[in-house]
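Heads up, the thing below is written out as structure tokens.
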Amino acid sequence: MGNCLTIVGLQWGDEGKGKVTDLLARDAHVVARYQGGANAGHTVVVGGRKVVLHQVPSGALNPGATCVIGPAVVVDPATLLDELDELARLGIPVGPDRLAISASAHAVMPYHKALDVLRERARGDSRIGTTGRGIGPTYEDLFGRSGIRLVDLCDPDALRARLEALLPERNALLEYHGGSAFDADELVDQFRVAGERLRPCLRDTGAVIHQALRDGRRVLFESAQGTMLDILHGTYPFVTSSLTTAPAAFPLSGLGVPPRHEVLGVLKAYLTRVGAGPFPTEDHGELGSRLRERGGEYGATTGRPRRCGHLDLPSLRYAIRLNGATGLALMKMDVLTGLPVRVCTAFDLRGQRLREVPPALYGDPDLVPVLEEWPSWDEDLAGCRTLESLPPMAREFVQRLGIELDVPVRLVSTGSDRESTAVINDPWG
Ligand code: IMP
């Protein structure tokens, strides 16, 4: 196995990527976030302490790892700086010696956040359920060539000139939605300190990764959200505004990343989704509520209750293919203990049985999940560190999943802390 590993979510986010990244980052030299922004909330638990990271890569908790924030990440400067301060308070300093942020990464500006919230309100019943972190409007400006890059924050005069050119249009949009206009001078003042603090960390992150790979060092690419939230491949328009799949890591350092490398697909033993959009295996009954309570399924960023349902193998097959997943990390197995285990193995659509389903079909009212009852278990999974130590029915669940999905399960998570993990096959090899 190589020295380049990507961790990607195979569902609608919240699969437990934070824990997997934190675990595998112990053996990584570089941990790079490659998309998304402060909409992500990676919860990591270390020594019983819960830390939620929105902008800083989860690898920050390994003091020996360099953290990289790539050019396709949208950065909320205040959130990032608050997190760095919080980590420093916890005795985990992440300074310019081990934090490299792409100078080309775009800043989430206050007007992006305001517009995100106002637009959601305007959508009424067809709202997406965004996190309100300004993600959509920031990516719109990025692709519309009207964004503010982090490097722009470091030059107040140039920033003022750019804002004076951009703001009239954005203010008109805000006012159209009933919001208030922003002032260029005030924004320049607001970002002066952030620019100064971020400047020492701004680098050519592609070069950092390229060099690390050339030196044979281990690079971990960390994604946010999940495949079904991908702007191109997810349940559009109920998606986020970035590319969330594994190939989206490549632009971070061009061909410096070997096109074929290890991709660890992370999935939860059941399924959740926050926000609106189709969810054909959603359980509105007692089982759904028990999964929510047992699994603590409340958004790490917004605190919203997550919608809960059954594992959906057809969408997982699709996500595995899109990401080129070479291994799986199965999370939150312990939540299923003592509960019936229902798995959607296929969908019926107007007389046709489908084993793989593109999300575009998910809104089709004729799409009917084929649910199978799989063996369940009552034994506590705490302390299970190997496949053999899992109770027989839990082991059968893992093995059956690997066969159904045709990709080996490498990790099984049996609790929230790092140690509660059965390592079947080290993803680093
Ligand atoms: P946005 O990314 O804030 O624009 O939200 C778009 C959709 O993606 C909404 O349904 C959000 O709930 C969802 N979303 C965004 N980030 C995450 C995440 O980290 N986990 C789960 N869902 C997310």
Listed by chain and number, what are the side chain to side chain contact (heavy atoms under 4.5 Å, CB included) partners of Arg385, not counting sequence neighbours? Glu419

Donor-acceptor under 3.5 Å (Thr421 side chain, Val423 main chain): no

For the CZ atom on Arg127, are there more than 12 heavy atoms of other groups (residues, nucleotides or ligands in this structure) within a distance under 6.0 Å? no

Which residue pairs pass the side-chain hydrogen bond (donor to acceptor under 3.5 Å, both in side chains) test with at least one member in residues 163-174, sequence neighbours excluded? Asp141-Arg170

Verify whether the ring centers belonging to Tyr362 and Phe347 lie closer than 6.0 Å. yes

Using the salt bridge (Lys or Arg N to Asp or Glu O under 4.0 Å) criterion, which residues pair with Glu282? Sequence neighbours excluded. Arg307

Test of understanding: with salt bridge (Lys or Arg N to Asp or Glu O under 4.0 Å), list the residues that count as partners of Asp82, not counting sequence neighbours. none

Can you list the residues that meet the ring pair (Phe, Tyr, Trp, His ring centres under 6.0 Å) rule with Tyr111, with sequence neighbours excluded? none

Which residue pairs pass the salt bridge (Lys or Arg N to Asp or Glu O under 4.0 Å) test when at least one of the two sits in residues 208-217, sequence neighbours left out? none

Any pair counted as salt bridge (Lys or Arg N to Asp or Glu O under 4.0 Å), so long as it reaches residues 308-317, sequence neighbours left out: Arg317-Glu404

Can you measure from NZ (Lys113) to CG (Leu118) and round to the nearest 0.5 angstrom? 13.5 Å

Output all residues satisfying salt bridge (Lys or Arg N to Asp or Glu O under 4.0 Å) with Asp364, sequence neighbours left out; order by chain, then residue number. Arg350

Looking at Arg342, Arg292, Glu297, which one forms a side chain to side chain donor-acceptor pair (under 3.5 Å) with Tyr270? Glu297

Could I get the full list of side chain to side chain contact (heavy atoms under 4.5 Å, CB included) partners for Asp27, not counting sequence neighbours? Arg218, Trp428

By side chain to side chain contact (heavy atoms under 4.5 Å, CB included), Val274 pairs with (sequence neighbours left out) Asp14, Arg304, Arg306

Residues in side chain to side chain contact (heavy atoms under 4.5 Å, CB included) contact with Arg162, at least two apart in sequence or another chain: Ile148, Asp152, Leu166

For Asp185, give me all partners under side chain to side chain donor-acceptor pair (under 3.5 Å), at least two apart in sequence or on another chain. Arg160

